[in-house]
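Here it is, the structure, as structure tokens.
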Amino acid sequence: MAAHSDPLLPEMYAMIRSEKVLTQRLSVMVKRLSNDSLAQLPEFHQRVGVLQRLGYLDADRIVTLKGRVACELNSGDELAATELVYGGVLTDLEPEEAVALLSALVFQEKTQAEVTLPPRLAEARDRAMDLAEAAGVLQAEAGLQLEPVEWAASVLRFGLAEVVYEWARGTPFHSICELTDVMEGTIVRAIVRLDETCREFRDAARIMGNVDLFKQMEAASECIKRDVIFAASLYVT
């Protein structure tokens, strides 16, 4: 049978055409991905440089102990959380103060309510912000597009710190709700997430061999795990 009279010829032509079109599309996609990768390469090197300066990676880009600790802290910004630990901000705090401080990692909404904190907790808040701003400065110096003060304020929000502090001290739920304009459901979810944050900090303490931090986080978790917030409810389902 002559090739031009083969009944399968139209189908074969269609297959070859489809293959050619797909090959062309694949070539375009590979080129785009390559361009995107090249575009992101400078930022990658900038971030690596920041991690090296802060001690998360060594000169050979191998993860250090500090880097391993950061990998355990996933509830909020890992950089801000790890700087809290290594900056010693939590060291002298009571469990209820420590868990109130950590609320800044999980609460990411805005509130107009004025937050009043006891002196030691207020001092810890200021130290935490200073550390976050310092990390922001390093990132800006490395060429990353951010403003240090704004970055620090975005990763650490202390709008529920007073609420969590009072809850950890045993204040009834209806009373802590009067301290803020944040919705009740948001308060419940934030405190439930804080229990997970305490677990992450315990895991980090175990890696560090920091017995005091481990015990502090155990006690902090116990302070908040009570009453209506950890009862079965619509807020946590």
Donor-acceptor under 3.5 Å (Glu222 side chain, Pro95 main chain) = no
Say whether, by atom type as modelled, one donor and one acceptor occur between the side chain of Glu200 and the main chain of Asn74 under 3.5 angstrom.
-> yes
Within the side chain of Glu162, is there an N or O that forms a donor-acceptor pair under 3.5 Å with the backbone of Leu179?
-> no
Validation row: Leu131, Arg127 side chains within 4.5 angstrom (heavy atoms) = no
side-chain contact (heavy atoms from CB on, under 4.5 Å) assessment of Phe158 paired with Val115 = CA-CA 8 Å; Phe158 291 92; Val115 177; 5.6 Å; no
Between Glu166 and Arg169, is the closest basic N to carboxylate O distance under 4.0 Å?
-> yes
Indicate yes or no: at least one non-hydrogen side-chain atom of Glu141 is less than 4.5 angstrom from one of Arg53.
-> yes
Note: Ala204 and Val69 closest approach over all heavy atoms is CB-CG1, 3.8 Å
Between Ser221 and Glu218, is there a donor-acceptor pair closer than 3.5 Å when you use the side chain of the first and the backbone of the second?
-> no
Taking Asp58 for its side chain and Asp60 for its backbone only, find out whether a donor-acceptor pair lies under 3.5 Å.
-> yes
Who passes side chain to side chain contact (heavy atoms under 4.5 Å, CB included) against Val182, sequence neighbours left out?
-> Phe107, Thr111, Leu160, Thr180, Thr186, Ile187
side-chain contact (heavy atoms from CB on, under 4.5 Å) between Leu79 and Val155, intermediate numbers included | CA-CA 9 Å; Leu79 201 61; Val155 297; over 6 Å; no
Where do Ala70 and Tyr56 come nearest, in terms of heavy atoms and distance?
-> CB-CE2, 3.6 Å
Transitively linked via ILVMFWY side-chain contacts under 4.5 Å: Leu138 with Leu146?
-> yes
Mind checking whether Met208 and Phe214 have side chains closer than 4.5 Å, heavy atoms only?
-> no
Does Leu156 share a hydrophobic cluster with Leu117, counting links as ILVMFWY side-chain heavy atoms below 4.5 Å and allowing steps through other members?
-> yes
Mind checking whether Leu84 and Leu105 have side chains closer than 4.5 Å, heavy atoms only?
-> yes
Val106 vs Leu102 side-chain heavy atoms within contact, under 4.5 Å | no
Rounded to the nearest 0.5 Å, how far does CD of Glu184 lie from CZ of Arg189?
-> 11.0 Å
Can you measure from NE2 (His45) to CZ (Arg61) and round to the nearest 0.5 angstrom?
-> 5.5 Å
Can you name the closest pair of heavy atoms from Leu57 and Thr64 and give their distance?
-> C-CG2, 3.8 Å
Any chance you could measure Tyr165, atom OH, to Ser103, atom OG, to the nearest 0.5 Å?
-> 13.0 Å
Do Arg202 and Cys198 come close enough that some side-chain heavy atom pair is under 4.5 Å?
-> yes
Minimal non-hydrogen separation, Glu96 against Ala168, with atom names = CB-CB, 3.5 Å
So, Lys66 side chain and Thr82 main chain: donor-acceptor pair closer than 3.5 Å or not?
-> no
Does one hydrophobic cluster hold both Met183 and Val192, with members joined at side-chain heavy-atom distances below 4.5 Å?
-> no
Could you grab the distance from atom CG of Leu54 to atom CD of Gln139, nearest 0.5 Å is fine?
-> 8.0 Å
Measure the shortest side-chain to side-chain distance between Leu101 and Glu97 over non-hydrogen atoms and say whether it is less than 4.5 angstrom.
-> no
Nearest non-hydrogen partners of Glu43 and Leu144, listed with the distance = CG-CD2, 3.7 Å
Do Phe173 and Val164 share a hydrophobic cluster, counting only Ile, Leu, Val, Met, Phe, Trp and Tyr and linking them when any side-chain heavy atoms are less than 4.5 Å apart?
-> yes
Can you tell if the side chain of Leu90 reaches within under 4.5 Å of the side chain of Leu213, non-hydrogen atoms only?
-> yes
Hey, mind stepping through Leu65 and Tyr86 against side-chain contact (heavy atoms from CB on, under 4.5 Å) and telling me if it holds?
-> CA-CA 11 Å; Leu65 175 61; Tyr86 276 83; 3.8 Å; yes
Verdict with supporting geometry, Ile229 and Ile224, side-chain contact (heavy atoms from CB on, under 4.5 Å) | CA-CA 9 Å; Ile229 289 183; Ile224 60 173; over 6 Å; no
Gap between atom OG1 of Thr197 and atom CD1 of Ile191 - 0.5 Å precision | 11.5 Å
Under 4.5 Å between side-chain heavy atoms, hopping through other hydrophobics if needed: is there a path connecting Phe44 to Val63?
-> yes
Closest approach of Met217 to Ala98 (non-hydrogen atoms, all atoms of both residues) | CE-CB, 4.0 Å
With a 4.0 Å cut-off, would you call Asp203 and Arg199 a salt bridge?
-> yes
